[in-house]
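First the proteins, then the strands, lettered A, B, ... as listed; each starts at 1. Everything numeric in this text was worked out from a predicted model, so none of it was measured.
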Amino acid sequence: MSGFQDVRDVMELSGPTDATARVPIAKKQKTVERRPDGITRELFALLGENPPPVAIVESKFKEKPRWMGKVNPWVWKPFENPARSDGLVLRHWERKSEPSQDLEYQFGKFNVKVDVPAYTDGEYEVLKDPDWTREETDYLFNLCREYDLRFVIIWDRYEFPAGKSRSVEDIKARYYSICRNLMELRTPLNQMTPEETQIFNLLNFDKERETARKNMAEVLFARTPEQVKEEEMLLVELGRITKNQAKNLEERKELFNRLEVPTSQGSIAAYTGSQGLAHLREMMVNSNDKNKKRKSIALGSNNSNNTDGPQQSFAVATSAERLGPGGGGGGPSQKDTPQPKKQVRKLTPEEELEFGVTYHDKLTSGVKFRSAMVTATVKGGTAQKVQAALAQLDISPRLAMPTTRTVQKFEQLQTSVGVLLDARKANDKIDNEQRVLKAQIEAAKEDT
Amino acid sequence: MSGLQPVLPSNQAPSTFEYGGDEISAIVLDPGTAWIRAGFAGEDTPKSVIPSDYGILEEAGENGGKKYFIGDNDVHSIRPGMEVKNPMSDGIVADWEAATTLWREAITPRLTAALSEHPLLMTEPSWNPPKNREKTIEIAFEDYDVPAFYLAKAGVCAGFASGKSTGLVIDVGASNISVTPIHDGLVLRKGCVRSPLGGEFLSNQIRAYFESANIPLSAHYQVLSKTAVEVGKPAEATYRTFAPGEEPTESYKRFQEERVLTEFKECTAQVWVGPGPLPGNNNPPLEAAHAILSPGGRTFEFPDGYNLVFNSERFRITEGIFHPPSMLTAPNPDPHTTPGLNQLIANAMKDIDVELRQMILNNIVITGAGSLLYGFTDRVNAEIAAAFPAPRVRVMAAGNSVERRYASWLGGSILASLGAFHQLWVSKKEYEEHGPNIVEKRCK
Ligand SMILES: Nc1ncnc2c1ncn2[C@@H]1O[C@H](COP(=O)(O)OP(=O)(O)OP(=O)(O)O)[C@@H](O)[C@H]1O
Ligand SMILES: [Mg+2]
């Protein structure tokens, strides 16, 4: 409760305090538990509020079953199966109330046969195959009918006297080629309905391919445990590579997106004023927001907290400043130029100077004057003395024109002055000591 | 499960399309080498199970003919001169007269008085020759006068009992271990293989071991009373004595001993986990095997009270099933030419279309009472996984021992109660028209 109050205090929320903060406790429900039969009131009271989960078995007679309706008699009835041709009469139990069955036997409909085509003697002339005799072909077709085209079983039971040994593929190839030829023979190809053409195409059995596939399956089946293990390992490895590849590709794409320099158009005239610049900045920050993802990838490695926007706008500001009025061709779209150059080739110091390229190792966000960025190269007490010395020499602590070079020189100057001042200080000290010691020596001489 | 579904009122028939059944009160008969199982189609266990072994007394029947003693009560009672015989040999019928009598006895009067009112479905092993099949249909129509008949392959039925119409059925019976690939409810003949390494072989292994270790084997009938003795101490029992000429026959004694051996298989024998043969089995480093195996020593008490703790022997007697060179009963069967179960499975798979192999290996069914040996299914699993590393292998064995014993009967029971099956029966009329050869055409 007090924690709750603290939060209120912290949030400076006034108003209701203790009174309403206390949630009204739900009135305890007085549940009157039913005392099961077969247990005395006293014993039940001893059990308290949480009775142990013990089933109290009452001894009761089993209830008389209540039938939901009238008893329906069943009769032992003869029936015939239409799937049989011999008129075998079997008997089964049937409900008496049901209309007596002249109806078809309900399982008769499961009697389905596969349609295996038959050929005439004339047709067989076309279907001839040097590898197969007419007798063997007939035998094959009978088996096909008998075993409903289950070729594995047909092959298993295939025992043509004095015949060649046939593979499942031989059998299938012969069967399908006959079906196909027979179909073409009966309806020429150009007269077939679309369905027929489809069936016709399905009957095309490629024996070579099927055999090759079987052989491969055989090889696959015959792998040793080592091979299986190795294959598993390779599969895992492959999975890893493909996963990484997808990632790499994406990163590469991002990179190319970044390198793609948008073509510049229009003049920079619109952005010369301070209002124009603000507008430009806005635009670029927005576009960066849109590319959040790519930003995160690009910055992934150096992972700085700096958001991209200001930094880039700063870069633009500097480059615009550096290019000056003469660099009209650059325009606002140059924001990315320093970077590609850096990627493409290394600039010599002269070139850097010529193009005004500078590298900064640390930049804080926001716009600032370079004069404010002059680093205090001297520390502590000397810093003040340096200031004083410069003031003595009539050099203003704030540069009138803080270009990179002047700032650099100014920093050098500061350092040099600092060093000089330090040297002088040390010199003075030693001089002093020298004097003291000399005085002591003098005194000692006088004493002796 | 029934709790979730609304309970069907008893006056309402189940929808035939959910269930596909149409019971015509057919009788299913599964004659094996050890047991003959018979019952009504549609039920989940055979109502009548009798031993295939029967007693016979020459010149004791009417008119001085033979007298058969069939069924548990009769065949086990002591009768001087009664021979105990078995009509089967190598899993198929050898003595037709006895078989006909036994089968009839299994059905009437145990199930029904009138054979002529019920269609009969029988099972047969996949290697049953055509002559035997024709003889079977002849008996059905001519001796039993059934209205309709069908002969189903035991392997296919066992597959059905596990809900498989495609798969590999490993049946460990009394006479044989058979491996039967099935596809779409039909056996693939090229892949059917078997080895005489079933329950009888195992019994002989145990006998051979007992003999080599000088362990006396007694049978229950020989013992009148016994007292408890310590492990390894000689039995203290009073034995039944027989007046000269009143002794039971040698075949009776052997049959009674067989019961003890079956008990030994049930409670003491165990199969080495594998894969690969039992370590240190043939060659001397038996100590190594002992070290691995000894924690599981088990006591077995013979009917006369003599009892022993068995260690690695429990594994040694069964090892021959998987690794025939380890068998103890050489030279019969020949350890070098008899394929062990591993070899059988490999042989069966060899001639199967590569497309089917995967599916078949994924549906391996183990049945037969012999497969109830402790550790048997684990060993099969391990061996198959080692032999076929690439495909996914799934071995199924009913956990329920009743289902394992009666799988082929149960599959027959399912088959004969299906509405769509009734068009396959060979009717009496068809038999009369086409003769016994119709069994070849219809029962494929
Ligand atoms: N728990 C058990 N462990 C091992 N073997 C057993 C077990 N119970 C029974 N057997 C053996 O199983 C054999 C009987 O198996 P099953 O009933 O499957 O044979 P069957 O079908 O009658 O014979 P077959 O299939 O060879 O014609 C017997 O030899 C018996 O000793
Ligand atoms: Mg069997």
S.K.: Checking A:His92 against B:Asp22 for the side chain to side chain donor-acceptor pair (under 3.5 Å) test, could you report, in this order, the C-alpha distance in whole Å, the side-chain angles of both residues, the deciding distance, and whether it holds?
M.R.: CA-CA 7 Å; A:His92 62 183; B:Asp22 185 16; 2.6 Å; yes
S.K.: If I measure from the heavy atoms of chain A, does B:Ala420 come under 4.5 Å with its side chain, its backbone, both, or neither?
M.R.: both
S.K.: State plainly whether the residues A:Arg91 and B:Glu117 are in salt-bridge range, i.e. N to O under 4.0 Å.
M.R.: no
S.K.: Please assess B:Lys444 against A:Arg157 for the test side-chain contact (heavy atoms from CB on, under 4.5 Å), listing each intermediate value before the final yes or no.
M.R.: CA-CA 10 Å; B:Lys444 295 181 271 212; A:Arg157 308 284 164 101; 3.9 Å; yes
S.K.: May I have the step-by-step check of side-chain contact (heavy atoms from CB on, under 4.5 Å) for A:Tyr147 and B:Leu186, ending in yes or no?
M.R.: CA-CA 10 Å; A:Tyr147 293 109; B:Leu186 292 165; 3.9 Å; yes
S.K.: Pair B:Ser25, A:Trp93 - check side-chain contact (heavy atoms from CB on, under 4.5 Å), show working.
M.R.: CA-CA 9 Å; B:Ser25 186; A:Trp93 289 101; over 6 Å; no
S.K.: Only pairs of heavy atoms separated by less than 4.5 Å count here; which of B:Ile352, B:Asp351, B:Leu424, B:Asp184 has the most with chain A?
M.R.: B:Asp184
S.K.: For A:Trp155, which atoms come within 4.5 Å of any heavy atom of chain B: side chain, backbone, both, or neither?
M.R.: both
S.K.: Could you pull out the closest heavy-atom pair between A:Leu88 and B:Ser427, with the gap in Å?
M.R.: CD1-CB, 3.6 Å
S.K.: Select one option (side chain, backbone, both, neither) describing which atoms of A:Asn81 are under 4.5 Å from chain B's heavy atoms.
M.R.: side chain
S.K.: Would you call B:Glu355 and A:Arg213 a salt bridge, taking side-chain N to carboxylate O under 4.0 Å as the test?
M.R.: yes
S.K.: For A:Gln227, which atoms come within 4.5 Å of any heavy atom of chain B: side chain, backbone, both, or neither?
M.R.: neither
S.K.: Heavy-atom distance under 4.5 Å to chain A: side chain of B:Phe388, backbone, both or neither?
M.R.: side chain
S.K.: Return the minimal non-hydrogen interatomic distance between A:Val168 and B:Asp353, and the atom names on each side.
M.R.: CG2-OD1, 3.5 Å
S.K.: Where is the tightest heavy-atom contact between A:Leu90 and B:Pro119, given as atom of each residue plus distance?
M.R.: CD2-CG, 3.8 Å
S.K.: Between the side chains of B:Arg357 and A:Glu218, is the shortest nitrogen-to-carboxylate-oxygen separation below 4.0 Å, so that they form an ion pair?
M.R.: yes
S.K.: In Å, rounded to the nearest 0.5 Å, how long is the span from CZ of B:Arg189 to CD1 of A:Ile153?
M.R.: 10.0 Å
S.K.: Would the number of heavy atoms belonging to other residues, nucleotides or ligands and lying under 6.0 Å from NZ of B:Lys441 be above 12?
M.R.: yes
S.K.: Mind running side-chain contact (heavy atoms from CB on, under 4.5 Å) on B:Gln358 and A:Phe221 for me, showing each step along the way?
M.R.: CA-CA 8 Å; B:Gln358 173 65 62; A:Phe221 187 86; 5.5 Å; no
S.K.: By a 4.5 Å heavy-atom criterion (distance strictly below it), what part of B:Leu361 contacts chain A: side chain, backbone, both, or neither?
M.R.: side chain
S.K.: Just grab all the salt bridge (Lys or Arg N to Asp or Glu O under 4.0 Å) pairs involving residues 412-431 of chain B, residues at least two apart or on different chains.
M.R.: A:Arg84-B:Glu430, B:Asp145-B:Lys428, B:Glu430-B:Arg442
S.K.: Chain B heavy atoms under 4.5 Å from A:Ser167: which part of the residue, side chain, backbone, both or neither?
M.R.: neither
S.K.: Among A:Arg223, A:Glu231, A:Arg150, which has the most heavy-atom pairs under 4.5 Å with chain B?
M.R.: A:Arg150
